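First comes the structure, then the notes that go with it.
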2 protein chains.
Amino acid sequence: MKYCCECGSSVIKKIPENDTFHRYVCEDCQTIHYQNPRIITGCISTWEDKILLCRRAIEPRYGLWTIPAGFMENDETTQQGAARETLEEAQAEVAELQLFGVFNAPHINQVFVMFRGNMVNDHYGATHESLETKLFTEEMIPWDELSFPVVRECLKLYFADKKNHHYPVHFADVIRNKQNKVTINRYS
Amino acid sequence: MKYCCECGSSVIKKIPENDTFHRYVCEDCQTIHYQNPRIITGCISTWEDKILLCRRAIEPRYGLWTIPAGFMENDETTQQGAARETLEEAQAEVAELQLFGVFNAPHINQVFVMFRGNMVNDHYGATHESLETKLFTEEMIPWDELSFPVVRECLKLYFADKKNHHYPVHFADVIRNKQNKVTINRYS
(Lines give C-alpha, C1' and ligand atoms only; values in the text may rest on other atoms or scores of the structure.)
Protein backbone atom coordinates (compact mmCIF):
# COMPACT_ATOMS: atom_id res chain seq x y z
CA MET A 1 0.00 0.00 0.00
CA LYS A 2 1.48 3.32 -1.13
CA TYR A 3 -1.52 5.65 -1.47
CA CYS A 4 -4.65 6.42 0.51
CA CYS A 5 -7.69 4.89 -1.22
CA GLU A 6 -9.90 7.68 0.20
CA CYS A 7 -7.94 10.80 -0.88
CA GLY A 8 -5.03 9.56 -3.04
CA SER A 9 -2.28 11.03 -0.82
CA SER A 10 0.76 9.05 0.32
CA VAL A 11 0.48 6.73 3.31
CA ILE A 12 3.12 6.09 5.97
CA LYS A 13 3.44 3.13 8.31
CA LYS A 14 3.06 4.03 11.98
CA ILE A 15 1.41 2.94 15.22
CA PRO A 16 -1.74 5.07 15.63
CA GLU A 17 -2.69 6.46 19.04
CA ASN A 18 -4.23 3.81 21.34
CA ASP A 19 -3.07 1.05 19.00
CA THR A 20 -0.28 -1.53 19.30
CA PHE A 21 0.19 -2.43 15.62
CA HIS A 22 1.84 -0.63 12.72
CA ARG A 23 -0.81 0.53 10.22
CA TYR A 24 -0.80 2.38 6.94
CA VAL A 25 -2.00 5.88 7.82
CA CYS A 26 -2.75 8.71 5.38
CA GLU A 27 -0.54 11.73 6.05
CA ASP A 28 -3.22 14.01 4.66
CA CYS A 29 -6.74 12.81 5.67
CA GLN A 30 -5.43 10.64 8.58
CA THR A 31 -7.47 7.58 7.51
CA ILE A 32 -6.10 4.40 9.10
CA HIS A 33 -6.01 1.50 6.62
CA TYR A 34 -6.39 -1.77 8.52
CA GLN A 35 -5.26 -5.03 6.93
CA ASN A 36 -6.77 -8.21 8.30
CA PRO A 37 -6.80 -11.95 7.58
CA ARG A 38 -9.19 -13.26 4.98
CA ILE A 39 -11.52 -16.24 5.13
CA ILE A 40 -11.30 -19.13 2.69
CA THR A 41 -14.48 -21.16 2.69
CA GLY A 42 -15.07 -24.46 0.93
CA CYS A 43 -17.02 -27.70 0.94
CA ILE A 44 -16.15 -31.38 1.08
CA SER A 45 -18.83 -32.30 -1.46
CA THR A 46 -20.08 -35.85 -1.43
CA TRP A 47 -22.01 -38.02 -3.87
CA GLU A 48 -22.78 -41.56 -2.69
CA ASP A 49 -19.43 -42.84 -1.30
CA LYS A 50 -17.35 -40.36 -3.29
CA ILE A 51 -15.86 -36.88 -2.83
CA LEU A 52 -15.65 -34.22 -5.53
CA LEU A 53 -12.22 -32.75 -6.22
CA CYS A 54 -11.11 -30.13 -8.75
CA ARG A 55 -7.81 -29.97 -10.62
CA ARG A 56 -6.67 -26.35 -10.39
CA ALA A 57 -6.61 -24.31 -13.60
CA ILE A 58 -5.09 -21.34 -11.79
CA GLU A 59 -1.94 -20.55 -9.85
CA PRO A 60 -0.79 -21.28 -7.24
CA ARG A 61 -0.62 -25.07 -7.53
CA TYR A 62 -1.83 -25.22 -11.14
CA GLY A 63 -2.68 -28.82 -12.07
CA LEU A 64 -3.01 -30.14 -8.50
CA TRP A 65 -6.22 -31.42 -6.89
CA THR A 66 -8.21 -29.44 -4.38
CA ILE A 67 -11.47 -29.26 -2.46
CA PRO A 68 -13.68 -26.50 -3.98
CA ALA A 69 -12.90 -23.42 -1.86
CA GLY A 70 -12.13 -19.74 -2.21
CA PHE A 71 -12.30 -16.29 -0.70
CA MET A 72 -15.49 -15.54 1.21
CA GLU A 73 -17.29 -12.50 -0.24
CA ASN A 74 -19.08 -9.64 1.47
CA ASP A 75 -22.86 -10.02 2.02
CA GLU A 76 -22.77 -13.81 2.39
CA THR A 77 -22.45 -16.35 5.19
CA THR A 78 -19.57 -18.82 5.33
CA GLN A 79 -21.81 -21.69 4.23
CA GLN A 80 -23.27 -19.63 1.37
CA GLY A 81 -19.70 -18.85 0.29
CA ALA A 82 -18.75 -22.53 0.41
CA ALA A 83 -21.77 -23.51 -1.73
CA ARG A 84 -21.02 -20.65 -4.19
CA GLU A 85 -17.39 -21.69 -4.56
CA THR A 86 -18.43 -25.31 -5.19
CA LEU A 87 -20.75 -24.14 -7.97
CA GLU A 88 -18.16 -21.74 -9.45
CA GLU A 89 -15.25 -24.18 -9.36
CA ALA A 90 -16.96 -27.50 -10.04
CA GLN A 91 -20.48 -26.71 -11.41
CA ALA A 92 -21.80 -28.76 -8.48
CA GLU A 93 -24.76 -27.87 -6.27
CA VAL A 94 -24.42 -28.81 -2.60
CA ALA A 95 -27.03 -28.69 0.15
CA GLU A 96 -27.37 -29.23 3.90
CA LEU A 97 -23.86 -27.95 4.59
CA GLN A 98 -22.49 -28.81 8.03
CA LEU A 99 -19.55 -27.03 9.65
CA PHE A 100 -16.55 -29.36 9.25
CA GLY A 101 -13.69 -27.37 10.72
CA VAL A 102 -11.79 -24.14 11.25
CA PHE A 103 -8.13 -24.07 10.23
CA ASN A 104 -5.77 -21.18 10.94
CA ALA A 105 -3.05 -20.44 8.38
CA PRO A 106 -1.33 -17.42 9.96
CA HIS A 107 1.69 -17.60 7.61
CA ILE A 108 -0.62 -16.54 4.76
CA ASN A 109 -3.09 -14.51 6.87
CA GLN A 110 -5.97 -16.83 6.09
CA VAL A 111 -8.56 -18.76 8.10
CA PHE A 112 -10.22 -21.72 6.40
CA VAL A 113 -13.85 -22.34 7.36
CA MET A 114 -14.67 -25.71 5.81
CA PHE A 115 -17.98 -27.53 5.42
CA ARG A 116 -19.21 -30.92 4.30
CA GLY A 117 -22.33 -31.25 2.20
CA ASN A 118 -24.15 -33.58 -0.14
CA MET A 119 -24.37 -32.88 -3.86
CA VAL A 120 -28.02 -32.55 -4.86
CA ASN A 121 -27.40 -34.41 -8.13
CA ASP A 122 -24.45 -35.92 -9.99
CA HIS A 123 -23.85 -32.91 -12.22
CA TYR A 124 -20.34 -31.43 -12.07
CA GLY A 125 -17.69 -30.35 -14.54
CA ALA A 126 -14.67 -28.26 -15.49
CA THR A 127 -14.76 -24.47 -15.19
CA HIS A 128 -12.33 -21.66 -15.89
CA GLU A 129 -10.92 -22.35 -12.40
CA SER A 130 -10.73 -26.15 -12.79
CA LEU A 131 -9.06 -28.16 -15.58
CA GLU A 132 -11.19 -31.13 -14.58
CA THR A 133 -13.45 -32.26 -11.75
CA LYS A 134 -13.88 -35.83 -10.60
CA LEU A 135 -15.52 -37.97 -7.92
CA PHE A 136 -13.08 -40.01 -5.82
CA THR A 137 -13.54 -42.86 -3.36
CA GLU A 138 -11.04 -42.85 -0.48
CA GLU A 139 -8.86 -45.38 -2.31
CA MET A 140 -8.72 -43.17 -5.42
CA ILE A 141 -7.65 -39.91 -3.69
CA PRO A 142 -4.46 -38.60 -5.36
CA TRP A 143 -2.63 -38.00 -2.06
CA ASP A 144 0.62 -37.03 -3.81
CA GLU A 145 -1.06 -34.53 -6.10
CA LEU A 146 -3.05 -32.45 -3.60
CA SER A 147 -2.74 -28.68 -3.78
CA PHE A 148 -2.42 -27.52 -0.17
CA PRO A 149 -1.68 -28.98 3.30
CA VAL A 150 -5.14 -27.92 4.52
CA VAL A 151 -6.75 -29.98 1.73
CA ARG A 152 -4.78 -33.08 2.75
CA GLU A 153 -5.67 -32.47 6.42
CA CYS A 154 -9.39 -32.08 5.67
CA LEU A 155 -9.52 -35.25 3.58
CA LYS A 156 -7.62 -37.28 6.23
CA LEU A 157 -9.95 -36.03 8.97
CA TYR A 158 -13.06 -36.58 6.85
CA PHE A 159 -12.30 -40.21 6.09
CA ALA A 160 -11.43 -40.88 9.76
CA ASP A 161 -14.73 -39.27 10.84
CA LYS A 162 -16.61 -41.35 8.30
CA LYS A 163 -15.13 -44.58 9.70
CA ASN A 164 -16.10 -43.45 13.22
CA HIS A 165 -19.60 -42.37 12.16
CA HIS A 166 -18.88 -39.22 14.16
CA TYR A 167 -18.29 -35.72 12.78
CA PRO A 168 -16.91 -33.35 15.41
CA VAL A 169 -16.01 -29.78 14.37
CA HIS A 170 -12.26 -29.78 13.81
CA PHE A 171 -9.99 -26.93 14.85
CA ALA A 172 -6.31 -26.77 13.94
CA ASP A 173 -3.40 -24.59 12.87
CA VAL A 174 -1.87 -25.55 9.52
CA ILE A 175 1.38 -23.63 9.28
CA ARG A 176 4.14 -23.64 6.68
CA ASN A 177 7.38 -22.17 8.02
CA LYS A 178 10.13 -20.36 6.08
CA GLN A 179 11.96 -23.67 5.54
CA ASN A 180 8.75 -24.87 3.80
CA LYS A 181 8.01 -27.38 6.58
CA VAL A 182 4.31 -27.85 7.37
CA THR A 183 3.24 -28.17 11.01
CA ILE A 184 -0.29 -29.13 12.02
CA ASN A 185 -1.46 -28.38 15.56
CA ARG A 186 -4.78 -30.12 16.13
CA TYR A 187 -6.92 -28.86 19.00
CA SER A 188 -10.20 -30.69 18.31
CA MET B 1 -12.64 3.50 -2.16
CA LYS B 2 -11.85 6.24 -4.67
CA TYR B 3 -8.15 5.80 -5.43
CA CYS B 4 -5.81 2.89 -6.15
CA CYS B 5 -3.61 2.22 -3.11
CA GLU B 6 -0.85 0.91 -5.41
CA CYS B 7 -0.54 3.79 -7.90
CA GLY B 8 -2.86 6.57 -6.66
CA SER B 9 -5.01 6.69 -9.83
CA SER B 10 -8.81 6.65 -9.76
CA VAL B 11 -10.65 3.35 -9.41
CA ILE B 12 -13.90 2.35 -11.09
CA LYS B 13 -16.35 -0.35 -10.05
CA LYS B 14 -16.71 -3.16 -12.59
CA ILE B 15 -16.88 -6.94 -12.94
CA PRO B 16 -13.39 -8.13 -13.90
CA GLU B 17 -12.94 -10.87 -16.53
CA ASN B 18 -13.72 -14.36 -15.17
CA ASP B 19 -15.34 -12.83 -12.08
CA THR B 20 -18.99 -12.53 -11.04
CA PHE B 21 -18.73 -9.67 -8.51
CA HIS B 22 -18.29 -5.93 -8.90
CA ARG B 23 -14.81 -4.90 -7.71
CA TYR B 24 -12.90 -1.65 -7.46
CA VAL B 25 -10.42 -1.79 -10.35
CA CYS B 26 -7.66 0.73 -11.10
CA GLU B 27 -8.13 2.33 -14.51
CA ASP B 28 -4.38 2.85 -14.78
CA CYS B 29 -2.46 -0.13 -13.31
CA GLN B 30 -5.48 -2.51 -13.51
CA THR B 31 -5.05 -3.71 -9.91
CA ILE B 32 -8.24 -5.36 -8.62
CA HIS B 33 -9.02 -4.32 -5.05
CA TYR B 34 -10.93 -7.12 -3.33
CA GLN B 35 -13.01 -6.39 -0.26
CA ASN B 36 -13.79 -9.31 2.02
CA PRO B 37 -15.43 -10.01 5.38
CA ARG B 38 -13.35 -9.59 8.51
CA ILE B 39 -13.02 -11.88 11.50
CA ILE B 40 -13.93 -10.81 15.02
CA THR B 41 -12.38 -13.09 17.59
CA GLY B 42 -13.03 -13.10 21.33
CA CYS B 43 -13.08 -15.18 24.47
CA ILE B 44 -15.68 -16.09 27.08
CA SER B 45 -13.21 -15.73 29.94
CA THR B 46 -14.00 -17.57 33.15
CA TRP B 47 -12.78 -17.33 36.74
CA GLU B 48 -14.29 -19.85 39.15
CA ASP B 49 -18.08 -19.70 38.44
CA LYS B 50 -17.92 -16.22 36.89
CA ILE B 51 -17.51 -14.68 33.43
CA LEU B 52 -15.53 -11.54 32.66
CA LEU B 53 -17.37 -8.76 30.82
CA CYS B 54 -16.21 -5.30 29.72
CA ARG B 55 -18.25 -2.10 29.63
CA ARG B 56 -17.41 -0.49 26.29
CA ALA B 57 -15.46 2.78 26.34
CA ILE B 58 -15.74 3.12 22.54
CA GLU B 59 -18.47 3.44 19.97
CA PRO B 60 -20.55 1.67 18.82
CA ARG B 61 -22.53 0.72 21.94
CA TYR B 62 -20.54 2.92 24.33
CA GLY B 63 -21.37 2.02 27.95
CA LEU B 64 -22.84 -1.43 27.20
CA TRP B 65 -21.37 -4.75 28.34
CA THR B 66 -19.51 -7.10 26.01
CA ILE B 67 -17.36 -10.20 25.85
CA PRO B 68 -13.72 -9.19 25.12
CA ALA B 69 -13.43 -9.43 21.31
CA GLY B 70 -12.09 -7.53 18.36
CA PHE B 71 -10.67 -7.65 14.83
CA MET B 72 -8.28 -10.51 14.19
CA GLU B 73 -4.86 -9.25 13.08
CA ASN B 74 -2.46 -10.55 10.44
CA ASP B 75 0.22 -13.03 11.59
CA GLU B 76 -1.85 -14.53 14.39
CA THR B 77 -4.23 -17.47 14.84
CA THR B 78 -7.86 -16.96 15.86
CA GLN B 79 -7.15 -18.18 19.41
CA GLN B 80 -4.07 -15.93 19.71
CA GLY B 81 -6.25 -13.02 18.59
CA ALA B 82 -8.91 -13.87 21.16
CA ALA B 83 -6.33 -14.01 23.97
CA ARG B 84 -4.76 -10.74 22.77
CA GLU B 85 -8.12 -8.96 22.70
CA THR B 86 -8.89 -10.19 26.24
CA LEU B 87 -5.59 -8.76 27.46
CA GLU B 88 -6.04 -5.48 25.55
CA GLU B 89 -9.66 -4.90 26.57
CA ALA B 90 -9.73 -6.33 30.08
CA GLN B 91 -6.08 -6.75 31.23
CA ALA B 92 -6.92 -10.44 31.73
CA GLU B 93 -4.74 -13.37 30.73
CA VAL B 94 -6.58 -16.46 29.45
CA ALA B 95 -5.23 -19.91 28.69
CA GLU B 96 -6.33 -23.26 27.24
CA LEU B 97 -8.75 -21.61 24.80
CA GLN B 98 -11.33 -23.95 23.27
CA LEU B 99 -13.31 -23.16 20.12
CA PHE B 100 -16.79 -22.12 21.28
CA GLY B 101 -18.55 -21.17 18.06
CA VAL B 102 -18.62 -19.54 14.65
CA PHE B 103 -21.24 -16.86 14.03
CA ASN B 104 -21.93 -15.27 10.65
CA ALA B 105 -22.97 -11.61 10.59
CA PRO B 106 -23.33 -10.98 6.83
CA HIS B 107 -25.17 -7.68 7.32
CA ILE B 108 -21.91 -6.20 8.66
CA ASN B 109 -19.50 -8.44 6.69
CA GLN B 110 -18.11 -10.04 9.81
CA VAL B 111 -17.59 -13.59 11.06
CA PHE B 112 -17.22 -14.08 14.81
CA VAL B 113 -14.88 -16.89 15.89
CA MET B 114 -15.44 -17.20 19.62
CA PHE B 115 -13.57 -19.17 22.27
CA ARG B 116 -13.95 -20.02 25.94
CA GLY B 117 -10.94 -20.04 28.25
CA ASN B 118 -9.92 -19.87 31.87
CA MET B 119 -8.29 -16.79 33.33
CA VAL B 120 -4.86 -17.72 34.69
CA ASN B 121 -5.34 -15.44 37.71
CA ASP B 122 -7.91 -12.99 39.01
CA HIS B 123 -6.22 -9.88 37.60
CA TYR B 124 -8.38 -7.75 35.29
CA GLY B 125 -9.24 -4.09 34.94
CA ALA B 126 -10.34 -1.11 32.88
CA THR B 127 -8.45 -0.12 29.72
CA HIS B 128 -8.80 2.61 27.12
CA GLU B 129 -11.34 0.31 25.42
CA SER B 130 -13.28 -0.56 28.59
CA LEU B 131 -14.82 1.81 31.15
CA GLU B 132 -14.89 -1.05 33.64
CA THR B 133 -14.47 -4.81 33.73
CA LYS B 134 -16.27 -7.14 36.09
CA LEU B 135 -16.82 -10.82 36.87
CA PHE B 136 -20.46 -11.97 36.65
CA THR B 137 -22.26 -15.11 37.77
CA GLU B 138 -25.14 -16.14 35.50
CA GLU B 139 -27.62 -14.44 37.83
CA MET B 140 -25.70 -11.15 37.66
CA ILE B 141 -25.45 -10.90 33.82
CA PRO B 142 -26.88 -7.51 32.70
CA TRP B 143 -29.04 -9.01 29.94
CA ASP B 144 -30.66 -5.66 29.11
CA GLU B 145 -27.34 -3.85 28.84
CA LEU B 146 -25.44 -6.14 26.47
CA SER B 147 -23.72 -4.57 23.46
CA PHE B 148 -24.49 -6.90 20.54
CA PRO B 149 -26.87 -9.76 19.65
CA VAL B 150 -23.91 -12.12 19.20
CA VAL B 151 -22.79 -11.40 22.80
CA ARG B 152 -26.26 -12.28 24.14
CA GLU B 153 -26.34 -15.43 22.00
CA CYS B 154 -22.89 -16.57 23.18
CA LEU B 155 -23.78 -16.04 26.84
CA LYS B 156 -27.10 -17.89 26.49
CA LEU B 157 -25.41 -20.82 24.76
CA TYR B 158 -22.52 -20.88 27.23
CA PHE B 159 -24.74 -21.12 30.30
CA ALA B 160 -26.89 -23.82 28.64
CA ASP B 161 -23.72 -25.81 27.78
CA LYS B 162 -22.48 -25.43 31.34
CA LYS B 163 -25.72 -26.87 32.73
CA ASN B 164 -25.44 -29.79 30.27
CA HIS B 165 -21.72 -30.34 31.01
CA HIS B 166 -21.30 -30.50 27.25
CA TYR B 167 -19.63 -27.93 25.01
CA PRO B 168 -20.35 -28.53 21.31
CA VAL B 169 -18.96 -26.06 18.76
CA HIS B 170 -21.83 -23.72 17.92
CA PHE B 171 -22.56 -22.44 14.43
CA ALA B 172 -25.20 -19.82 13.67
CA ASP B 173 -26.14 -16.76 11.65
CA VAL B 174 -26.85 -13.65 13.72
CA ILE B 175 -28.46 -11.17 11.33
CA ARG B 176 -29.91 -7.70 11.89
CA ASN B 177 -32.21 -6.65 9.05
CA LYS B 178 -32.95 -3.13 7.80
CA GLN B 179 -35.92 -2.89 10.18
CA ASN B 180 -33.40 -3.52 13.00
CA LYS B 181 -34.90 -6.96 13.76
CA VAL B 182 -32.38 -9.60 14.82
CA THR B 183 -32.77 -13.15 13.49
CA ILE B 184 -30.69 -16.06 14.76
CA ASN B 185 -30.42 -19.20 12.66
CA ARG B 186 -28.78 -21.92 14.74
CA TYR B 187 -27.26 -24.85 12.87
CA SER B 188 -25.31 -26.56 15.65
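Predicted model only: the values in this text are computed from it and were never measured. Proteins come first, then strands; the chains are lettered A, B, ... in the order of their sequence lines, and each starts at number 1.
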A:Val102 versus chain B, the contacting section by heavy-atom distance below 4.5 Å: side chain
Counting heavy-atom pairs under 4.5 Å with chain B, which one of A:Lys2, A:His33, A:Glu73, A:His107 comes out on top? A:Glu73
For the interface with chain A, which of B:Leu97, B:Val11, B:Val111, B:Ile108 has the highest count of heavy-atom pairs at distances below 4.5 Å? B:Val111
Measure B:Gln80 against the heavy atoms of chain A and call it side chain, backbone, both or neither at under 4.5 Å. neither
Could you tell me which non-hydrogen atom of A:Cys26 sits nearest to which non-hydrogen atom of A:Cys29, and how far apart they are? SG-N, 3.2 Å
Measure A:Thr20 against the heavy atoms of chain B and call it side chain, backbone, both or neither at under 4.5 Å. side chain
Can you tell which of A:Thr77, A:Ile39, A:Asp75 has the highest number of heavy-atom pairs within less than 4.5 Å of chain B? A:Thr77
For the residue pair A:Tyr158 and A:Phe100, does the interplanar ring angle fall in the parallel (under 30°), tilted (30 to 60°) or perpendicular (over 60°) class? tilted
Could you tell me if the ring centre of B:Trp47 sits under 6.0 Å from that of B:Tyr124? no
Quick one: of B:Phe71, B:Tyr34, B:Phe21, who has the most non-hydrogen atom pairs under 4.5 Å with chain A? B:Phe21
Any carboxylate oxygen within less than 4.0 angstrom of a Lys/Arg side-chain nitrogen, looking at B:Arg186 and B:Glu153? yes
Given B:Glu89, B:Glu93, B:Glu76, the one that forms salt bridge (Lys or Arg N to Asp or Glu O under 4.0 Å) with B:Arg84: B:Glu76
Given a strict heavy-atom distance threshold of 4.5 Å, which part of A:Gln110 is in contact with chain B: side chain, backbone, both, or neither? neither
Kindly say whether B:Ile51 contributes a backbone atom to a donor-acceptor pair with the side chain of B:Thr46 at under 3.5 angstrom? no
Within 45° cone and under 6.0 Å: A:Arg116 NZ/CZ vs A:Tyr167 ring: yes
Part of A:Ser188 lying under 4.5 Å from any heavy atom of chain B: neither
Quick check on A:Asp173 against chain B: is it the side chain, the backbone, both or neither that has a heavy atom closer than 4.5 Å? side chain
